[in-house]
2 protein chains.
Amino acid sequence: MNQIKIFSPATVANVACGFDVLGFCLNEIGDEMCIKKTYKKGIFIVKIEGFDLPIEAELNVAGVSALAMYKTLDLDYGFEIEIYKNIKPGSGIGSSAASAVGSVFGINELLDRPFNKTQLVEFAIKGEALASKCEHADNLAPAIFGGFTLVKSMSPLEILQIPVPKNLYATIIHPQIEIKTAEARAILPNQVNLQDAIEQWSNFGSLIHGLHTSDYQLIKRSLHDSIVEPHRSKLIPNYNDVKTAAIKAGALGTGISGSGPSIFSLCEGLESANNVKDAIKNIYSKTGIKFDIYVSKINTEGIKILN
Amino acid sequence: MNQIKIFSPATVANVACGFDVLGFCLNEIGDEMCIKKTYKKGIFIVKIEGFDLPIEAELNVAGVSALAMYKTLDLDYGFEIEIYKNIKPGSGIGSSAASAVGSVFGINELLDRPFNKTQLVEFAIKGEALASKCEHADNLAPAIFGGFTLVKSMSPLEILQIPVPKNLYATIIHPQIEIKTAEARAILPNQVNLQDAIEQWSNFGSLIHGLHTSDYQLIKRSLHDSIVEPHRSKLIPNYNDVKTAAIKAGALGTGISGSGPSIFSLCEGLESANNVKDAIKNIYSKTGIKFDIYVSKINTEGIKILN
């Protein structure tokens with residue numbers, strides 16, 4: 001195999017009480033990438049469609065992660081990468097993560113899988129760091145493993161795959177506004193109340209239990225975040241209205257995807273997810289802010305080869 | 001049935017990263033209680049052996065929880081309670097909880113179970129509050145349900161039963177010193193670092209996942225508490241030595257049981273638990289402080305009828 005076409009999915013990180021550790025993978029939105037072996041040694045981004053991103057491999061997320069992997073190998077050939085981006089950079093649904101994992105997944109396939117999934121995430125972390133200025137894996141892990149992932153630790157990197165209830169769907173709205181990562185970080189408190197923290201880990205443990213037992217009502221009772229959401233939600237117009245409408249329409253829970261501006265809702269069943277979509281659309285149509293909205297089953301497969 | 005004899009087990013609360021919400025039930029140590037119907041209306045403590053505790057029902061933990069239940073019923077008879085205490089009050093392994101659940105469990109059995117387990121915990125909370133000056137259920141829940149329990153919320157009371165890996169044992173040392181509850185509470189910080197809190201919920205979610213998947217090594221990597229242990233461990237002589245020796249001897253993790261002074265270790269297998277026991281004994285024998293030490297399989301049954 002000398003070339004491969006892949007689908008690299010969007011992902012949701014910072015899932016409510018699982019802030020900074022829990023993420024999940026989406027089905028309906030993602031980038032496509034083509035990766036080809038080439039006689040010339042090195043990593044070359046040869047085409048980018050969709051959004052204006054640097055073509056130099058050293059300045060491109062997909063290039064940096066591919067280079068991190070490539071440098072560990074002693075090959076007498078290289079790889080060309082074409083990127084067809086659908087996930088808007090800065091949308092909060094893992095745009096840079098999709099690029100970062102796409103190149104390393106594709107090259108690994110072309111090489112007959114010398115690296116395991118955790119190692120792929122390790123390489124992708126280097127690319128992701130270019131975009132987000134810090135090393136984290138909360139979008140990379142679900143993109144590579146699919147389903148729900150818990151990044152238990154970064155050093156050594158340990159990723160847990162949490163079971164996905166069969167009928168779990170997500171509704172995602174991406175308001176087309178820009179949130180500066182620096183601002184989203186600066187707004188977080190350094191200190192939190194012990195009682196709030198206890199409530200958060202109680203909810204997070206319960207959420208993990210609910211995912212294991214497919215207990216949708218428990219998932220609903222656990223999808224809360226009293227620590228980060230009150231701060232970051234201020235950066236997203238009409239956040240509280242969206243959340244109230246989504247819950248009223250049947251969402252199990254609603255939260256900020258990544259550091260925003262996208263907002264996710266988790267729902268039991270496609271019908272419920274569509275109802276939630278309509279309710280959120282109804283709110284956001286009145287704001288004058290452009291938005292995209294998606295309904296997606298939780299993607300349990302993760303990144304994949306196309307055709 | 002006019003009388004019943006029961007075994008009311010000791011329990012461990014505040015299980016490391018599950019501070020304030022996760023507890024488990026022990027097998028080898030517990031109180032025995034006899035409960036009899038009597039023609040006289042009311043709740044009567046008629047005998048207490050083992051430790052010097054108030055015999056007046058209104059001043060006794062078992063009496064208060066029994067009265068809380070009894071008041072909801074309209075019976076033309078009452079109950080006499082005999083308490084044979086083995087769990088020393090103030091030991092940190094749920095002495096008052098054993099008394100509080102024993103009376104309500106026994107009376108419920110004599111009445112052919114009008115109340116479910118969660119309701120029994122609700123009544124027992126009233127008794128427990130007499131001893132600990134606040135309402136909590138983290139020892140009551142494992143005593144009633146057995147195994148590991150997560151108290152998801154107090155109002156409404158919601159208790160989750162978490163699966164118990166088959167080969168999980170606990171080693172418990174009870175150093176015979178007194179820790180004042182007020183002091184153990186006052187030593188807790190009101191505010192904690194966000195980063196520490198994130199690590200705690202990451203570990204707690206991972207622990208719940210590890211219990212579901214019987215992944216002993218993950219349980220080991222998750223049994224940490226960087227929030228409460230650094231403060232409360234100062235109140236327990238030689239705590240760090242005990243912990244170091246237990247981990248070195250093979251314990252999956254070691255922490256403070258309840259608010260101390262007891263220290264629990266979780267172990268994979270009886271042999272490992274006995275090795276840990278020997279290692280801890282070796283440390284504590286040199287301190288001059290009297291202690292009891294136990295090895296117990298995790299009790300998945302909880303409180304039970306004897307003969």
Side-chain angles (χ1 to χ4, degrees), chain A residues 14-23 136-138 148-156 158-163 185 187-215 217-222 224-228 231, chain B residues 14-23 136-138 148-156 158-163 185 187-215 217-222 224-228 231:
Chain A
N14 294 340
V15 182
C17 48
F19 176 77
D20 218 30
V21 296
L22 189 70
H136 65 99
D138 26 352
F148 278 86
T149 55
L150 194 171
V151 181
K152 157 103 177 68
S153 82
M154 282 295 286
S155 178
E158 181 174 4
I159 295 160
L160 309 177
Q161 290 187 268
I162 311 299
R185 281 205 197 124
I187 211 169
L188 292 182
N190 289 322
Q191 299 269 309
V192 299
N193 279 329
L194 176 58
Q195 281 309 317
D196 290 342
I198 290 169
E199 189 185 312
Q200 191 94 338
W201 67 67
S202 175
N203 279 323
F204 188 50
S206 300
L207 176 59
I208 298 298
H209 183 68
L211 290 169
H212 267 278
T213 54
S214 292
D215 183 339
Q217 288 309 305
L218 177 60
I219 292 169
K220 179 172 183 151
R221 289 192 299 274
S222 306
H224 300 293
D225 166 20
S226 59
I227 289 184
V228 170
H231 301 283
Chain B
N14 295 339
V15 182
C17 48
F19 177 76
D20 218 30
V21 295
L22 189 71
H136 65 100
D138 27 350
F148 277 85
T149 56
L150 194 170
V151 181
K152 159 105 177 64
S153 82
M154 282 295 286
S155 178
E158 181 174 4
I159 295 160
L160 309 178
Q161 289 187 270
I162 311 298
R185 278 202 200 127
I187 211 169
L188 291 183
N190 289 322
Q191 299 269 307
V192 299
N193 278 327
L194 176 58
Q195 281 309 318
D196 290 342
I198 290 170
E199 189 184 311
Q200 192 94 337
W201 67 66
S202 175
N203 278 323
F204 188 50
S206 300
L207 177 59
I208 298 299
H209 183 68
L211 291 170
H212 267 278
T213 54
S214 292
D215 183 338
Q217 288 309 304
L218 177 60
I219 292 169
K220 178 171 182 152
R221 289 191 299 274
S222 306
H224 301 292
D225 166 19
S226 60
I227 289 184
V228 170
H231 301 283

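Chain naming here is simple, since letters A, B, ... match the order of the sequence lines and numbering starts at 1 in each. Since we're looking at a predicted model, the values are computed, not measured.
Contact tally against chain B (heavy-atom pairs below 4.5 Å) for A197(A), P163(A), S153(A), C17(A): the top residue is C17(A). Put simply, of S206(B), G210(B), S222(B), the one with the most heavy-atom pairs under 4.5 Å next to chain A is S206(B). The choice from V151(A), I198(A), L188(A) that makes the most heavy-atom pairs within less than 4.5 Å of chain B is I198(A). Heavy-atom pairs under 4.5 Å with chain B peak, among V192(A), I227(A), N203(A), at V192(A). Most heavy-atom pairs under 4.5 Å with chain B: of the set L194(A), V228(A), L22(A), this distinction falls to L194(A).
Proximity to chain B (any heavy atom under 4.5 Å) is restricted, for E158(A), to the side chain, taken from C-beta onward. With a threshold of 4.5 angstrom between heavy atoms, T213(B) approaches chain A through side-chain atoms but not through N, CA, C or O. Only the backbone of N190(A) comes within contact range of chain B, judged by heavy atoms closer than 4.5 Å.
With hydrogens and angles ignored, the 3.5 Å screen pairs no side-chain donor or acceptor of W201(A) with any backbone N or O of V21(B). When atom types are taken as modelled, the side chain of N193(B) and the backbone of Q191(A) share no donor-acceptor pair closer than 3.5 angstrom.
Scanning for side chain to side chain contact (heavy atoms under 4.5 Å, CB included) contacts around Q161(A) gives F145(A), with sequence neighbours left out. Remark: H136(B) engages no residue in a ring-ring contact (aromatic ring centres under 6.0 Å, His included) (not counting sequence neighbours).
For the residue pair K152(B) and R221(A), the shortest heavy atom distance occurs at NZ-O, 2.9 Å. Between L211(A) and I219(A), the closest heavy-atom pair is CD2-CD1, 3.9 Å.
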